[in-house]
Amino acid sequence: MKLGLLTAPFPDTPLMEVADWSVSNGFEMLEIACWPVSKGPTRRYAGTTHIDVAAIDKAQAQDIRAELECKGLSVSALGYYPNPLHPDQDHRDTVIAHLKQVIVAAGWMGLPVVNTFCGGDASKHLDDNWDDALSVWPDIIAHARDNGVKIAFENCPMIFSYDEWPGGHNIAYSPYIWRRILEAWGDDVGMNYDPSHLVWQMIDQTRFIGEFGPHMLHAHAKDLMIDRDGLYERGIMSAGMGWQVPRLPGLGDVDWGEIFSGLYRAGYDGPMIIEHEDRNFEGTDELVKRGFLLARDVLRPYVK
């Protein structure tokens, strides 16, 4: 197992500068953010372009990996987390086209995984969204297979703001859908496991890892704190709105001993990538880096 970080919180820092800081502070891997180049507004923790996959060729992609390896860093995956099941067809087509470019770049770099979302239409029932997924994803999965890459869906419901409520923008968050995903697409897909999203859903971590551990291709280290006053005020029908608080590992309700115990029992020995979404450690480059170092120190005893 290796410890690394997702580069998304460094939108204005070139990739190789992120790499230099990371390796000098004991990190071993990077998940590289690959959103399309855009000058417009983006959602929080999205929009970072550390590899412009629309503007590189195979030789350049291979050079990026070689340069990172010379610095002592591996690449765990390329990451792009859009909504491929968005209700607007033009938006859907645009993000799928970019996702396919990310997949090609990962294939050129010899990487095994691209991390993304399955997607979802917040206004639709889960089963209706699943019908959409069955029509949209086979073509993308075949494209990934042709490029020697597997798709890893993060188990995040994407319910953080009212434009995502009540159904969220990603349906691959619970055992109910994950069994369908694995039955439909088998080993061509897997999970980018993030324990924080199970906390507020009250899904048993140990049982979840026991069932889906063999299908975890990648893991995010992110914590979550339940704001008990917010939960009291809004209740569970708010689907986390106002009481799920993303935190850095060690500052929330995740039991990291339980998580790593389950992962090791399940045979997971892949990347452990810190995903930084903690508002207490953002706003300046210094705070972001301090957050990553805090998480590093919490997780390092478990990552061997």
Should the heavy atoms of other residues, nucleotides or ligands under 6.0 Å from CG of Asp187 be counted, would the total exceed 12? no
Does atom NZ of Lys71 have more than 12 heavy-atom neighbours, drawn from other residues, nucleotides or ligands, at distances under 6.0 Å? yes
The test is side chain to side chain donor-acceptor pair (under 3.5 Å); show your working for Gln205 and Asp255 and say whether it passes. CA-CA 9 Å; Gln205 299 274 8; Asp255 183 336; over 6 Å; no
N-O pairing of Asp188 and Lys150 below 4.0 Å: no
Atom CG of Leu134 with >12 non-hydrogen neighbours under 6.0 angstrom: yes
When the ring planes of His218 and His220 are compared, do they come out parallel, tilted or perpendicular, using 30° and 60° as the limits? perpendicular
Taking all non-hydrogen atoms of both residues into account, name the closest pair between Pro175 and Ile203 and its distance. CD-CD1, 4.1 Å
State, yes or no, whether a side-chain contact exists between Met16 and Glu67 at a heavy-atom distance under 4.5 Å. yes
Determine whether more than 12 heavy atoms belonging to other residues, nucleotides or ligands lie under 6.0 Å from atom CE of Met202. yes
Just wondering, do Leu224 and Val245 contact through their side chains at under 4.5 Å, heavy atoms? no
Heavy-atom closest pair, residues Val136 and Pro84: CG1-O, 3.9 Å
Are the charged groups of Asp131 and Lys124 less than 4.0 angstrom apart, N to O? no
Is it true that Asp127 and Arg180 make a salt bridge, defined as a side-chain N closer than 4.0 Å to a carboxylate O? yes
Determine, for Lys222 against Glu275, whether the closest basic-nitrogen to carboxylate-oxygen distance falls under 4.0 angstrom. yes
So, Glu28 side chain and Leu3 main chain: donor-acceptor pair closer than 3.5 Å or not? yes
Let me confirm one number: the SG-CD1 distance from Cys156 to Ile171, rounded to the nearest 0.5 Å. 13.0 Å
Could you measure the distance from the NE2 atom of His143 to the CD1 atom of Ile151? Nearest 0.5 Å is fine. 8.5 Å
Is the side chain of Glu17 donor-acceptor paired with the backbone N or O of Pro14 at a distance under 3.5 Å, no angle test? no
Look at the rings of His276 and Phe292 and say which category their plane angle falls in: under 30° parallel, 30 to 60° tilted, over 60° perpendicular. perpendicular
Student check: side-chain heavy atoms of Val75 and Leu68 closer than 4.5 Å: yes
Out of Ile273, Leu78, Leu73, Val23, which one pairs with Leu30 under the side chain to side chain contact (heavy atoms under 4.5 Å, CB included) rule? Leu73
Before giving the answer on side chain to side chain donor-acceptor pair (under 3.5 Å), spell out for Asp194 and His197 the whole-Å C-alpha distance, their side-chain angles and the decisive distance to 0.1 Å. CA-CA 6 Å; Asp194 184 332; His197 303 300; 3.3 Å; yes
Among the clusters formed by ILVMFWY side chains lying less than 4.5 Å apart, do Ile32 and Val18 turn up in the same one? yes
Taking the six-membered ring for Trp, are Trp35 and Tyr80 parallel (under 30°), tilted (30 to 60°) or perpendicular (over 60°)? perpendicular
With rounding to the nearest 0.5 angstrom, report the CZ to CG distance, Arg279 to Leu287. 14.0 Å
Verify whether the ring centers belonging to Tyr193 and Phe153 lie closer than 6.0 Å. no
Stepwise salt bridge (charged side-chain N to carboxylate O under 4.0 Å, His left out) check, Arg207 with Glu211: CA-CA 6 Å; Arg207 183 174 175 183; Glu211 180 171 358; 5.3 Å; no
Report yes or no: does Asp223 contribute a side-chain atom to a donor-acceptor pair with the main-chain N or O of Val254 at less than 3.5 Å? yes
Can you confirm whether Arg300 sits close enough to Asp297 that some side-chain heavy atom of one is under 4.5 Å from a side-chain heavy atom of the other? no
Residues Asp285, Lys289: salt bridge by 4.0 Å N-O rule: yes
Quick one: do the Gln201 and Ser174 side chains pair a donor with an acceptor below 3.5 Å? no
So which atom in Leu85 and which in Cys118 form the shortest heavy-atom distance, rounded to 0.1 Å? CG-O, 3.4 Å
Mind listing the closest non-hydrogen atom pair of Pro166 and Ile159 along with its distance? O-CD1, 3.7 Å
Measure the CD-CG distance between Glu282 and Leu248 for me, rounded to the nearest 0.5 Å. 10.0 Å
Considering all heavy atoms, the nearest Pro195-Ile259 contact: CB-CD1, 3.8 Å
Report the C-alpha separation of Arg247 and Glu277 in whole Å, then their side-chain angles, then the decisive distance to 0.1 Å, and conclude whether the salt bridge (charged side-chain N to carboxylate O under 4.0 Å, His left out) test is met. CA-CA 6 Å; Arg247 301 303 307 270; Glu277 295 187 353; over 6 Å; no
Determine the minimum heavy-atom distance between Pro9 and Val288, stating which atoms define it. CB-CG1, 3.8 Å
Is it the case that more than 12 heavy atoms not belonging to Gln89 sit under 6.0 Å from its CD atom? yes
Straight-line distance of Ile140 CD1 to Ile96 CD1, nearest 0.5 Å: 4.0 Å
Does the pair Leu251 and Asp278 meet the rule for a side-chain contact (heavy atoms from CB on, under 4.5 Å), with working shown? CA-CA 9 Å; Leu251 301 181; Asp278 193 322; 3.9 Å; yes
Ion pair present between Glu183 and Arg179, side-chain N to carboxylate O less than 4.0 angstrom? no
Decide if the gap between the ring center of Tyr268 and the ring center of Tyr264 is smaller than 6.0 angstrom. no
Qualifying residue, where the test is side chain to side chain contact (heavy atoms under 4.5 Å, CB included) with Met216 and the options are Ile209, Asn192, Asn155: Ile209
Separation of Ile177 CD1 from Trp130 CH2 (nearest 0.5 Å): 6.0 Å
Main chain of His86, side chain of Asp121: is a donor-acceptor contact present, judged purely on distance under 3.5 Å? no
Can you get from Tyr173 to Ile181 by hopping between Ile, Leu, Val, Met, Phe, Trp and Tyr side chains that sit under 4.5 Å apart? yes
